[in-house]
Amino acid sequence: MTEANAISIQNLTKRFGHFTAVDHLSLEVPVGQVFGFLGANGSGKTTTIRMLTGSLTPSSGKAYVLGANVAKRVAEVRRRIGYMSQKFSLFEDMTVEENLRFYGGVYNLDPDEFAARREYILDMADLRGRESELTANLSVGWRQRLALGAATIHSPELLFLDEPTSGVDPLARRRFWDLLYELAKTGVTLFVTTHYMDEASHCNRLAFINSGRLVAEGTPNELRAQHNGATLEEIFTKLSTN
Amino acid sequence: MDQLAIASTDRPLVKHFRAVVAVAGISLEVSPGTVFGLVGPDGAGKSTLIRMLATVLAPDSGDALIFGNSLVRDTEEVSARMGYMPQRFSMYPDLTITENVNFFARLRGVKKAERKERSAKLLEQMGLTPFAKRFAARLSGGMKQKLMLASVLMHEPDLLLLDEPTTGVDPVSRREFWEVIARLRADGKTIVVATPYMDEAERCDQLAFIDAGRITRQGTPAEIKAMVEGTLLSVLTTDPHETATVLRDARIAGVSSGHIFGDEVRILAKDSALAGERVREALHQAGIPYELNAINMDMESAFAVLAETAPVQEAADA
């Protein structure tokens, strides 16, 4: 079944006690897009992602991911999505190979599938020849590419990236985004949060949230036009402080 | 002349971790009352250098003078005038802002009466006063960083060592953090700061570009940018990815570092007139509409060029 939207959420809300982290958020992310999800620290970005990946139950509202209602079909959703965070969920005391095998096992890949994905990822991440190196000994740039490999070992249709380039140097950041575009070209939908506005301007569409509410949405050019040619940095400041 | 905040000795700082050379020999001179930025690829040795200057890591060899005191021999004196903010959040999550600030001040031997006065002043400066009773675990990224900075300032150090203090912090909080740094500088403090953000690098008085455990370039931000040879050309298009691919495939002589920057592809050309001509041909053939301009060098591009051309040592790369 083909779906026009990789993500469709309606009035999604999450309360923690008296605090509303995500407040009636409605959003649609078309298939195949690089979608930037922006907002200040504490604005509800990570909470939203955790609801979309099924690791947090919404207080109210609906979330459809790849056409499936997350609340009802969480196992199916998890099989079809990938997730990578700023914390790179890798085992530092395991080698590159062991990390890949571990994630291959998590997603139940059969040996042929795993072998093919392993080859692909070693090339993609430029990790060939480093299979038996300890993950702790890799530079941040390599660890980040390995984390991307691990997050995509099961060929997900939709990938969530929560500040994937935080603290990564400018050159490594640029190389990482080259990889993301390669991935996007193969039809994978990317849902990315970032604090770098130059990265935001590479996205097909952007959504800004503030206090868990959607405050702006559009292509980078549309947003700039709506704000009289302001830079994304200026728009971010305006939307985050109001 | 004022005494240097950090002065080099004839023995540069060196630190190995087993076979890995983290800092291969660094001498540093930092004037008091300035902001000195450390930039460079991940794993270049910035954190190791800062940790040695902070006296939390002993160098294998070498020394430096901090306000005239030897880093190696006069560790206590150095430590008393220095505040170190590590990369990771290192406050107690189950203590409030006030409790954290007071705890670290007590460790530093700040008297009770002074603790009260200083914490009130610092929390006010950082805009943290309304949240004084909030647990550290419940603070946003930007507030956590300001709490760490406030704690580090409680014993009134003259030299601040900040290791990527704004990593993962949103643009608005980042700007606020740098406003605090500017105020500290105006108060006469010396600040050494490592950063992966090039807009922050632009705000430093001096920059050292570190690669493979050595300082490969040093100067003001303007001087660093001037070290990159050639002209930066901006190709503004509707499809920057396709444009970058076309330009890469065209293999234009004397052109390097093609990268996407928002809606632009920026390329560095040795001969801008010649390269401009070839860029026009390539994009015309591909049928891509564009706008071509020569622009001023930016720090982001300068970093990429310097990181790509700096001498790379295998061992320190990991």
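Within every chain, numbering begins at 1; the chains are lettered A, B, ... in the order of the sequence lines, protein sequences first and strands thereafter.
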### Query
So which of A/G141, A/G39, A/A40, A/G42 has the biggest tally of heavy-atom pairs under 4.5 Å with chain B?
A/A40

### Trace of the side chain to side chain contact (heavy atoms under 4.5 Å, CB included) decision for A/T237 with B/R175
CA-CA 10 Å; A/T237 305; B/R175 190 171 312 155; 3.4 Å; yes

#### Entry: Heavy-atom side-chain contact between A/R174 and B/E300 under 4.5 Å
yes

### Query
Do you know which two heavy atoms are closest between B/A307 and A/L171, and how far apart they sit?
CB-CD2, 3.7 Å

### Message
Other residues, nucleotides and ligands only: do more than 12 of their heavy atoms fall within 6.0 Å of CG on B/D249?
### Response
yes

### Query
About how many Å separate CG of A/D169 and CG of B/D211, when rounded to the nearest 0.5 Å?
9.5 Å

### Task
Kindly compute the distance separating CZ (B/F303) from CZ (A/R173), expressed to the nearest 0.5 Å.
10.0 Å

### Query
Roughly how far apart are A/F19 CZ and B/R138 CZ, rounded to 0.5 Å?
7.5 Å

### Message
Let me confirm one number: the CG-CG distance from B/D199 to A/D198, rounded to the nearest 0.5 Å.
### Response
9.0 Å

### Task
Side-chain contact test, heavy atoms from C-beta onward, threshold under 4.5 Å: evaluate it for A/N41 versus B/S173 and give yes or no.
yes

## Note on the structure
On a heavy-atom basis, the closest approach of A/H195 and B/G168 is CD2-O, 3.4 Å

### Message
On a heavy-atom basis, which atom in B/D42 and which in A/A172 lie closest, and how many Å separate them?
### Response
OD2-CB, 4.2 Å

### Message
Can you tell me how the ring of A/H202 sits relative to the ring of B/H241, calling it parallel under 30°, perpendicular over 60° and tilted otherwise?
### Response
perpendicular

### Message
Under 4.5 Å from any heavy atom of chain A, what part of B/V39 do you find: side chain, backbone, both or neither?
### Response
neither

## Note on the structure
Nearest heavy-atom approach of A/P170 to B/M198 is CG-CE, 3.7 Å

## Note on the structure
B/V172 and A/S240 have their tightest heavy-atom pair at CG2-CB, 4.0 Å

### Query
Does atom CZ of B/F135 have more than 12 heavy-atom neighbours from other groups under 6.0 Å away?
no

### Query
Can you say whether B/Y197 sits under 4.5 Å from chain A via the side chain, the backbone, both, or neither, judging by heavy atoms?
side chain

